[in-house]
A.B. asks: 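Supplied in structure tokens, the structure appears directly below.
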Amino acid sequence: MWPRTELIDLLGIKHPIIQAPMAGASTPELVAAVSNAGGLGSYGGAATPPAKLRQIIRQIRELTDRPFAVNLFAPAVEAYQQVPEQQTQMSELLAQWHNELNAGPVPEPIPILGPFVEQFNVLLEEKIPVFSFHFGPAPIQAIRDMHSLGSCVLATATNVREAQTLVEAGVDIIIAQGFEAGGHRGTFAVPYEHGLIGTTALVPQVADAISVPVVAAGGIMDARGIVAAFALGASGVQMGTAFLACPENNIPEVYRQAVLNCKDEDTVITGVFSGRPARAIRNRFIREMENHKDKVLPFPAQMSIGRVLRQTSAQQSSPDFVSMWSGQGAALAEARPAGELIHKMIQEFRAVTASLQVK
Ligand SMILES: Cc1cc2nc3c(=O)[nH]c(=O)nc-3n(C[C@H](O)[C@H](O)[C@H](O)COP(=O)(O)O)c2cc1C
């Protein structure tokens, strides 16, 4: 039933629907539910320590015997520069909100990503079937190591140049991430403003420029988006926001409710949570940080220094300081189990395709 099959053939899956890896939000249950329904479930492992990552992979395998993906952030982004003066300023700024929430002292930034080499070794030892990475430059040896296992490698590009660079490095499948997408912009080869191309403009240009399968990502929420992605030249879709209201994921209830109540105009690309541009639902932190952008620490130190504030806010059931990554399509998210969501999208794909037949 799918107009193009190279993606499903390469990945060994039934339906060309990839549940986006979502560091902090994806769980073994979510990954397995999607893979069991014939899609490709992905675990966002960037912030998961190596030993825990091994446990999670084994848990996924207990829940499904179908292919799944594990995603890491490319090693270039995990180290953070120490900027002591800026750190003091940010710490003082955060202290006012810590006081308001009774959240205790502002913590020191600590490494919260990676270490890539150890995480990656776990993926190799566990022989994961699909590896995906966000950000570049591409870890070329890691790609070769995955290939020697017979595994497939996916990576995010936000413009044509990045897609070509990734293919040259050996990546098998390109995820073309449009402007609409929730979470971090995957831009790595150009200033981030050069990677803000909408999905509709990006996908056909990437598809024309490279010879490997292209997966459309950003703003795809249902069968209408999947049909459109195929029309644009993609061989499948990667969807993150659509799975944020599923009960299997691991996001605070205030975040889930914010997704369900989100309107088309409620998200914005901001660097204030992590130090890197990412699309999130507007909240008090984003508003009040507007005049303090010059104090934001480099990624990932900003993400680390804000960890207690975000957690306390979520524990107090307040969305004010939570980083609620979300795409522009959030209003279309549905609170139903992931497997059901996949089955519904497949049914509707048939109906949408039929409705487009010229009479
Ligand atoms: C909550 C959340 C977390 C994300 N975390 C990751 C991640 O860890 N790794 C990654 O490659 N992409 C991540 N992304 C981006 C997705 O891979 C994808 O580009 C995006 O979800 C597509 O747009 P959509 O959200 O409109 O479906 C994340 C997205 C969201 C919404």
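Whatever order the structure lists ligands and atoms in, that order sets their numbers, starting from 1. Note that the structure is predicted; figures quoted are calculated from it, not measured. Start at 1 with the first residue, then count along the sequence.
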A.B. asks: Would N71 count as a polar contact of ligand 1, with the cut-off being nitrogen or oxygen pairs under 3.5 Å?
C.D. replies: yes
A.B. asks: Nearest to atom 1 (C) of ligand 1, what protein heavy atom do you find, and at what distance?
C.D. replies: Y255 OH, 3.4 Å
A.B. asks: Salt bridge or not between E180 and R279? Use side-chain N to carboxylate O under 4.0 Å.
C.D. replies: no
A.B. asks: Decide whether an N or O pair under 3.5 Å exists between G183 and ligand 1.
C.D. replies: no
A.B. asks: How would you list, by chain and number, every residue that makes a side chain to side chain contact (heavy atoms under 4.5 Å, CB included) with L232, sequence neighbours excluded?
C.D. replies: T200, V203, P204
A.B. asks: List the closest protein heavy-atom neighbour of atom 29 (C) of ligand 1: residue, atom name, distance to the nearest 0.1 Å.
C.D. replies: G182 O, 3.3 Å
A.B. asks: Regarding ligand 1, does H184 bring an N or O atom to under 3.5 Å of one of the ligand's N or O atoms?
C.D. replies: no
A.B. asks: Taking side chain to side chain contact (heavy atoms under 4.5 Å, CB included) as the test, write out the residues that go with A217, two or more places apart.
C.D. replies: I175, Q238
A.B. asks: R144 and side chain to side chain contact (heavy atoms under 4.5 Å, CB included): which partner among H147, M146, Q141?
C.D. replies: Q141
A.B. asks: Would you say W325 has any N or O atom under 3.5 Å from an N or O of ligand 1, going by distance alone?
C.D. replies: no
A.B. asks: Could you work out, for atom 2 (C) of ligand 1, the closest of M221, R279, M22 by heavy-atom distance?
C.D. replies: M22
A.B. asks: State whether the shortest distance between N or O atoms of Q328 and N or O atoms of ligand 1 falls below 3.5 angstrom.
C.D. replies: no
A.B. asks: List the steps, then state whether side-chain hydrogen bond (donor to acceptor under 3.5 Å, both in side chains) holds for H194 with T187.
C.D. replies: CA-CA 8 Å; H194 296 209; T187 310; over 6 Å; no
A.B. asks: Identify, for atom 17 (O) of ligand 1, the protein heavy atom at the shortest distance, and state residue, atom and that distance.
C.D. replies: Q238 NE2, 2.9 Å
A.B. asks: Among G240, P21, A155, which residue places a heavy atom closest to atom 14 (N) of ligand 1?
C.D. replies: P21
A.B. asks: Any nitrogen or oxygen of A217 lying under 3.5 Å from a nitrogen or oxygen in ligand 1? Just yes or no.
C.D. replies: no
A.B. asks: What do you reckon, does H134 have a nitrogen or oxygen under 3.5 Å from a nitrogen or oxygen of ligand 1?
C.D. replies: yes
